[in-house]
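The block underneath contains the structure these notes are about, expressed in C-alpha cells.
Side chains included, hydrogens not; waters and symmetry mates left out as well; all remaining heavy atoms used. Residue numbers begin at 1 in each chain, while the letters A, B, ... track the order of the sequences. The shown structure was predicted, so the numbers you read here are calculated from the model rather than taken from an experiment.
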Protein chains: 2
Amino acid sequence: MVESIVGCKWSLHVLARIRQGIHRPGALRRSTRGLTTKVLNERLNKFLRFGIVERRVFAQVPPRVEYHFTAFGRKFIRLLDEIEKLQRDVRRG
Amino acid sequence: MVESIVGCKWSLHVLARIRQGIHRPGALRRSTRGLTTKVLNERLNKFLRFGIVERRVFAQVPPRVEYHFTAFGRKFIRLLDEIEKLQRDVRRG
DNA sequence: CAGTATCCAGACCGATACTG
DNA sequence: CAGTATCGGTCTGGATACTG
C-alpha cells in the first residue's frame, strides 16, 4: 500500500496541497504545475480506496467536490513527516 | 527520497530480507523470487546513497560483501512498520 | 467544475551476457 | 561471487479532447 501511494511522484505533492487547505480538484490541479486531471484523479481515487481521504459532494451548480483527510490519512502523513525529519537529521550528521 | 525508495516494488522485499538477516547479494537474490541482479543492485545502491544500509567488504576469495542497516536505516524501516500497523488497525475498523 | 477516455513517448524492469 | 551493460517489452503518466 505504501508502495502504491508513494510510488507515484505526484502523490506527495497532492497530499501536501490538501494539507495546506486546498480541497477542490480544480484548485489542486492549478496549484501543482505539471499535474494533469488524469493523474490527479488517479491519485485521489487511490487515496479514497485506501481510506486516506474522503470525498464530500455539495449539491450545487456548478458542482462542488472537496477531498479531506480521514483520521487514518492524518496519521499516515504524520508518519511520512517523521521520515522526512529523520532524513534531515541524518543529513546534518 | 521516500518516493525514490518505496517507488520500486522490490525495495520493501529487499529491506525485509536484510532485516531477516540475509546480508549477502547472492543470498538476497536467491531468497526473493523474480528479483534479478540488476534490480537488486539498483536498490542496494539507492539504499547506500540514502544511508539506509552500509556495505561491508571482506578481503577474501571468492569475494564476500554484506549489506547492513545503518542506524538511520533501522529507524526508517521502523516507521514503515508503523504505517503498516496503522493500516491494519484501519482495516479492522 | 468534476471526471473519464484515448493516444503515445518514455521510463522502468526483466532477461541475458559479460567483467573483475 | 559481486557487479555492470545492453536490449526489448510493458506500463506509467502527460497531452488532449470529451461527457455530465
Side-chain angles (χ1 to χ4, degrees), chain A residues 1-18 20-70 73, chain B residues 1-18 20-70 73:
Chain A
M1 169 267 193
V2 177
E3 175 198 322
S4 172
I5 290 298
V6 187
C8 168
K9 69 174 174 179
W10 291 110
S11 296
L12 299 180
H13 289 92
V14 174
L15 292 176
R17 293 291 172 281
I18 295 179
Q20 284 166 17
I22 305 178
H23 299 289
R24 302 184 58 180
L28 284 169
R29 198 162 26 72
R30 282 188 300 275
S31 71
T32 312
R33 263 193 74 83
L35 178 63
T36 59
T37 64
K38 183 197 169 197
V39 174
L40 173 61
N41 279 310
E42 280 172 6
R43 297 294 98 199
L44 290 175
N45 285 327
K46 234 167 223 214
F47 296 161
L48 278 173
R49 216 169 322 126
F50 285 119
I52 291 176
V53 299
E54 61 180 6
R55 189 170 182 272
R56 299 184 190 165
V57 187
F58 298 81
Q60 297 184 359
V61 175
R64 175 192 181 98
V65 174
E66 291 186 359
Y67 291 88
H68 291 262
F69 284 124
T70 61
Chain B
M1 169 266 194
V2 176
E3 175 198 325
S4 172
I5 290 297
V6 187
C8 168
K9 68 174 175 178
W10 292 111
S11 295
L12 298 180
H13 289 92
V14 175
L15 292 175
R17 292 290 174 280
I18 295 178
Q20 286 167 16
I22 304 177
H23 299 289
R24 302 182 59 179
L28 284 168
R29 198 165 25 74
R30 284 189 299 276
S31 71
T32 312
R33 264 192 73 85
L35 178 63
T36 60
T37 65
K38 183 197 168 196
V39 174
L40 173 61
N41 279 310
E42 280 173 5
R43 294 340 298 166
L44 289 176
N45 285 327
K46 233 165 224 215
F47 297 162
L48 277 174
R49 218 170 319 130
F50 285 120
I52 291 176
V53 299
E54 61 180 8
R55 190 170 180 270
R56 299 184 190 166
V57 187
F58 299 81
Q60 298 183 0
V61 175
R64 176 193 180 98
V65 175
E66 291 187 0
Y67 291 88
H68 290 263
F69 284 124
T70 61

Please report the shortest heavy-atom distance between A/F69 and A/I18, naming the atom on each side.
CE1-CG2, 3.7 Å
Any donor-acceptor pair under 3.5 Å linking the side chain of B/T32 with the backbone of B/R29?
no
Just report the end-to-end axis angle for the helix from C/dC1-D/dG20 to C/dG20-D/dC1, five pairs per end, to 10 degrees.
40°
First and last nucleotide of DNA chain C, 5' to 3', lying under 4.0 Å from heavy atoms of chain B:
C/dC13 to C/dG20
Do B/Y67 and B/R55 come within less than 4.5 Å of each other through their side chains, counting heavy atoms only?
yes
Would you compute the distance between atom OG1 of A/T36 and atom CH2 of A/W10 and round it to the nearest 0.5 angstrom?
8.0 Å
Hey, can you pull the residues of residues 31-41 of chain A with a non-hydrogen atom under 4.0 angstrom from DNA chain C?
A/T37, A/K38, A/N41
Which pair of heavy atoms, one from A/T70 and one from A/G51, lies closest together, and at what distance?
OG1-O, 2.5 Å
DNA chain D nearest-nucleotide lookup for A/E42 and B/R29: closer to the 5′ end is B/R29
How would you list, by chain and number, every residue that makes a salt bridge (charged side-chain N to carboxylate O under 4.0 Å, His left out) with B/E66, sequence neighbours excluded?
B/R64
Residues passing the side-chain contact (heavy atoms from CB on, under 4.5 Å) test with B/K9, sequence neighbours excluded, are A/E3
Where is the tightest heavy-atom contact between A/P25 and A/L40, given as atom of each residue plus distance?
O-CD2, 3.4 Å
Give the minimum heavy-atom separation between B/M1 and B/I52, together with the two atoms involved.
CE-CD1, 4.0 Å
Minimum heavy-atom separation for B/L48 and B/V53, please, with both atom names.
CD2-O, 3.4 Å
List the atom of B/P63, the atom of B/R24, and the distance in Å for their closest heavy-atom pair.
O-NH2, 3.8 Å
Interface with DNA chain D, restricted to residues 52-70 of chain A and to heavy atoms under 4.0 Å:
A/P63
Once rounded to the nearest 0.5 Å, what's the spacing between atom CD of B/E42 and atom SG of B/C8?
7.5 Å
